[in-house]
Amino acid sequence: MAGARVLVHVRRAGAGGAAAFGQSVTGVFCPAHTDVALVSCGLERGRFLISDVPFPGSTVTVLKRPPFCPAKLGGDTPGDRGGHAGVTAAVAVLLEATCGHVLLTRRATTLRHFPNVWVPPGGHLEPGEELVAAGLRELAEETGLLLEPGTFSWHLLGLWESLFPPSLSWGPPRCHHIVTYLGLRSAEPRQRLQARLCPSPAEVSAVAWLEPPVLEAIAATEDGAEGPGSGPGPGLGPGLGSGSLPSELPATIGITELSPDGLRSSRIATGTLLRRAPERGPDLERVSTGTKFALGRWRAGPGRGRERE
């Protein structure tokens with residue numbers, strides 16, 4: 001999305017300013033040997049503020065980065081700023097139907113950042129937007145789904161520090177975001193939402209409604225948790241941890257792909273969605289590391305945040 005962006009600012013012990021591109025935002029609030037912090041966040045005077053103490057209108061939540069975060073491991077190497085002055089605020093939404101299925105989209109292969117990777121709908125926060133309004137706009141732009149007021153509730157899942165490329169082995173950072181993940185619970189059944197889908201081919205190559213057991217398995221395959229030197233497990237393919245596909249999961253998952261003739265039903269191996277991010281080499285079709293974080297927060301239940309309408 002072109003146009004003005006909302007920048008991330010940080011405040012700790014009463015001091016702070018704009019977050020610096022390529023330098024870890026999470027690291028401002030946690031010791032170097034950890035990757036998670038409890039923070040307060042919210043919009044303040046046209047910026048997205050993350051603070052170590054609450055402020056008017058803020059919400060307390062978790063801020064996390066992956067253990068292989070380039071901003072953590074790269075020191076003061078700024079990378080290519082790509083014309084952006086700092087760290088950009090973004091929003092992504094996990095849309096849950098009444099049956100508990102959650103919508104994920106596969107990013108188009110033509111996109112510059114994270115092509116062919118499964119993520120929830122999302123994008124940049126625009127100046128003057130509230131977080132939920134931005135999430136609803138991105139949902140509509142990417143999938144064609146318009147959610148009317150009163151037909152959903154929402155809660156804040158957490159903040160994720162995202163850089164691309166996601167690993168220094170792939171080159172220096174070219175973009176740097178703090179993604180606010182929102183959980184949206186629709187009052188409509190999956191079939192009704194599916195009937196209204198009209199994905200944008202410029203951003204999306206496929207969509208899938210995933211059931212809770214699959215979502216929980218995806219969240220459990222935490223990228224970077226397997227440690228150096230761990231190889232692929234039998235039957236799961238490159239980039240996966242040890243072990244075989246859990247017996248309670250289906251061998252394949254139904255998806256809806258975009259084609260020149262419109263939407264078509266297809267299936268992919270469940271193991272594709274359980275892949276871990278490769279340490280080096282070309283990326284794989286997989287679920288993004290940030291999405292796994294958000295799903296982990298989602299599966300913890302509504303008690304993780306205030307439900308709002």
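Below, all heavy atoms of this structure are taken into account, side chains as well, without hydrogens, waters or symmetry copies.
- Not a single donor-acceptor pair under 3.5 Å links the side chain of Arg47 to the backbone N or O of His9.
- By the 4.0 Å N-to-carboxylate-O rule, Arg196 lies close enough to Glu188 to be salt-bridged with it.
- Pairs of residues two or more places apart, or lying in two chains, never qualify as ring pair (Phe, Tyr, Trp, His ring centres under 6.0 Å) while including a residue from residues 37-73.
- With rounding to the nearest 0.5 Å, the separation of SG in Cys69 from CG in Leu163 is 5.0 Å.
- Of the residues listed (Leu94, Val93, Thr291, Ile218), the one engaging Val102 in a side-chain contact (heavy atoms from CB on, under 4.5 Å) is Leu94, and it is the only one.
- When side chains are defined from C-beta on, Thr221 counts as touching Lys292, because their heavy atoms get closer than 4.5 Å.
- Applying the side chain to side chain donor-acceptor pair (under 3.5 Å) test to Thr256 and every residue at least two apart in sequence or in another chain returns Gln194.
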task = Take Thr26 and Arg65 through the test side-chain hydrogen bond (donor to acceptor under 3.5 Å, both in side chains) and record every step on the way to the result.
result = CA-CA 6 Å; Thr26 310; Arg65 65 188 178 190; 5.1 Å; no
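- In terms of modelled atom types and a separation under 3.5 Å, the side chain of Glu44 and the main chain of Leu49 share no donor-acceptor contact.
- In this model, a donor atom of one side chain and an acceptor atom of the other lie less than 3.5 Å apart for Ser167 and Ser169.
- Two residues are said to be in side-chain contact when any heavy atoms from C-beta on lie closer than 4.5 Å; Thr105 and Glu142 meet this criterion.
- A salt bridge does not link Arg276 with Asp223: every distance from a Lys NZ or Arg NE/NH1/NH2 to an Asp or Glu carboxylate oxygen is 4.0 Å or more.
- Minimum interatomic distance between Thr110 and Ala202 (heavy atoms only, all atoms of both residues): OG1-O, 4.3 Å.
- In this structure, Asp283 and Pro165 have side chains that are not in contact, with every pair of non-hydrogen atoms separated by 4.5 Å or more.
- Residue-environment remark: CD (Gln191) exceeds the threshold of 12 foreign heavy atoms within 6.0 Å.
- Using the six-membered ring where Trp is involved, His124 and His177 have ring planes that are tilted, between 30° and 60° apart.
- Note on ring orientation: taking the six-membered ring where Trp is involved, the planes of Phe21 and His176 are perpendicular (angle over 60°, cut-offs 30° and 60°).
- Contact between Leu182 and Leu157 at its shortest, heavy atoms only, is C-CD1, 3.8 Å.
- A side-chain contact (heavy atoms from CB on, under 4.5 Å) with Ile178 is found for one member of Leu63, Thr88, Leu7 and no other, namely Leu63.
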inquiry  = For a side-chain contact (heavy atoms from CB on, under 4.5 Å) check, start with the C-alpha distance between Val207 and Leu104, then their side-chain angles and the critical distance, and finish with the verdict.
reply    = CA-CA 6 Å; Val207 299; Leu104 292 186; over 6 Å; no
